[in-house]
Number of protein chains: 2
Amino acid sequence: MIVKQQHRTAQREAILAFLDGNKTHPSVGEIYDAVSKQLTTISLATVYNTLLLLKKQGLIRELPAAGRLGTRFDPDVTPHDHLICSECGTVVDIKLSGNVEVPEERRQGFDINEMSVNIYGLCLLCK
Amino acid sequence: MIVKQQHRTAQREAILAFLDGNKTHPSVGEIYDAVSKQLTTISLATVYNTLLLLKKQGLIRELPAAGRLGTRFDPDVTPHDHLICSECGTVVDIKLSGNVEVPEERRQGFDINEMSVNIYGLCLLCK
DNA sequence: TTGCTTGCAAAGCATTTGCAAGAGC
DNA sequence: GCTCTTGCAAATGCTTTGCAAGCAA
């Protein structure tokens, strides 16, 4: 995928800095709140823009969410899976032993980019 | 999970009938459009209500979606996985050989309800 | 009758878009 | 200077909610 944009801006740096090493899988709102403390005039639209850009650049992953739970972002792009609380939306990393294989003959013409194993349940606090 | 509601209504029957055996993983809007042809006065809120109810009853599954792709529903509740087109949102069933195992010691206190393997890519038409 | 259900309209959020001003290279 | 970026505000779109009327049991 070709990504032309690559200017080094304070907004982009701040978002990257906040995400770097972050294991909390923050939502867009959480990222906006955190970054706003430094860049008080940053707009939500810029956060959306930047997250989309970083995703296209392969620097972060967007996590699929069901129902009312908003979408979240993960700066860890190495293969791993997620435990997701259906109640509060908390996401916790989990590493499953083997990686799932998708044999060519089952791909039904799809060009596969990425895959994720989502495990839904109730977290300790929500039980 | 306790689900008290269980009245047999025309709306509920129509939605169930539309979903029964349906392999297209329809969105709420698509379900509403289809059912509206028979029950012309059904409201979108009722469709949402009913889908939530059917989900609680375990009769259907809600598929997690990333980004702009809206959430979809699957009447097939037997274990299987999905190929999802990141471009148009099309969802196609795929059966992966083994089921993923989640060892007790890795569950981090979660009560696991269900899991799904989502495989993202571009479908034949979108390439 | 009683309580679950429906339809309608309004409210709530999350996300996207258009555009003019500003910043990086 | 040219293009990418940003901020703002408005516009979308999806989903939920409140409530009175309706219907199943």
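Within every chain, numbering begins at 1; the chains are lettered A, B, ... in the order of the sequence lines, protein sequences first and strands thereafter.
- Going from atom OH of B/Tyr48 over to atom C1' of C/dA11 covers 14 Å, rounded to whole Å.
- Atom P of nucleotide D/dT15 and atom CG of B/Leu53 are separated by 17 Å, given to the nearest angstrom.
- For the pair B/Leu52 CG and C/dT6 C1', the computed distance is 15 Å after rounding to whole Å.
- The B/Val28 side chain lies nearest to D/dT15 when the options are D/dC8, D/dT15, C/dT6.
- A search for side chain to side chain contact (heavy atoms under 4.5 Å, CB included) contacts involving B/Ala34 returns B/Phe18, not counting sequence neighbours.
- Contact check, A/Thr46 against D/dG7: a side-chain N or O comes under 4.0 Å of OP1 or OP2.
- At a threshold of 4.5 Å between side-chain heavy atoms, the hydrophobic network of Ile, Leu, Val, Met, Phe, Trp and Tyr places B/Val117 and A/Val92 in one connected group.
- Listed pair A/Arg12 / D/dT6 meets the phosphate criterion, a side-chain N or O lying under 4.0 Å from OP1 or OP2.
- A/Leu63 CG to A/Asp81 CG: the interatomic distance, rounded to the nearest 0.5 Å, is 11.0 Å.
- The salt bridge (Lys or Arg N to Asp or Glu O under 4.0 Å) search around A/Glu104 returns A/Arg107, not counting sequence neighbours.
- Atoms OH (A/Tyr32) and P (D/dT6) sit 14 Å apart, rounded to a whole Å.
- A/Leu96 and A/Val77 fall into different hydrophobic clusters, where Ile, Leu, Val, Met, Phe, Trp and Tyr residues are linked whenever their side-chain heavy atoms come under 4.5 Å apart, directly or through other members.
- For B/His25, the ring-ring contact (aromatic ring centres under 6.0 Å, His included) partners two or more places apart in sequence, or in a different chain, are B/His82.
- As rounded to whole Å, 18 Å separates atom P of D/dG22 from atom CG of B/Leu39.
- A/Leu44 comes within 4.0 angstrom of a base, heavy atoms only.
- Comparing the helix axis at one end of the helix from C/dT1-D/dA25 to C/dC25-D/dG1 with that at the other, each defined from 5 consecutive pairs, gives an inter-axis angle of 40° (nearest 10°).
- Within the structure, a side-chain polar atom (N or O) of B/Gln11 is placed less than 4.0 Å from OP1 or OP2 of C/dG7.
- Taking atom CD of B/Glu62 as the reference point, atom P of D/dC14 lies 15 Å away to the nearest angstrom.
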Which atom pairs, donor and acceptor, lie under 3.5 Å between side-chain atoms of residues 36-44 of chain A and protein residues at least two apart or in another chain?
unit_1: A/Ser36; atom_1: OG; unit_2: A/Tyr32; atom_2: O; d: 2.6
unit_1: A/Ser43; atom_1: OG; unit_2: A/Thr46; atom_2: N; d: 3.3
unit_1: A/Ser43; atom_1: OG; unit_2: A/Thr46; atom_2: OG1; d: 3.2

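- Rounded to whole Å, the distance from CG on B/Asn49 to P on C/dG7 is 10 Å.
- Taking all atoms of both residues into account, the shortest heavy-atom contact from A/Cys123 to B/Phe110 is CB-CZ, 3.6 Å.
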List every contact pair, protein side and nucleotides 19-25 of chain C side both N or O, where the distance is under 3.5 Å.
unit_1: C/dC25; atom_1: OP1; unit_2: A/Arg8; atom_2: N; d: 3.0

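- The distance between atom CZ of B/Arg72 and atom P of D/dC14, rounded to the nearest whole Å, is 11 Å.
- In this structure the side chain of B/Val28 never reaches within 4.5 angstrom of the side chain of B/Thr71, judged on heavy atoms.
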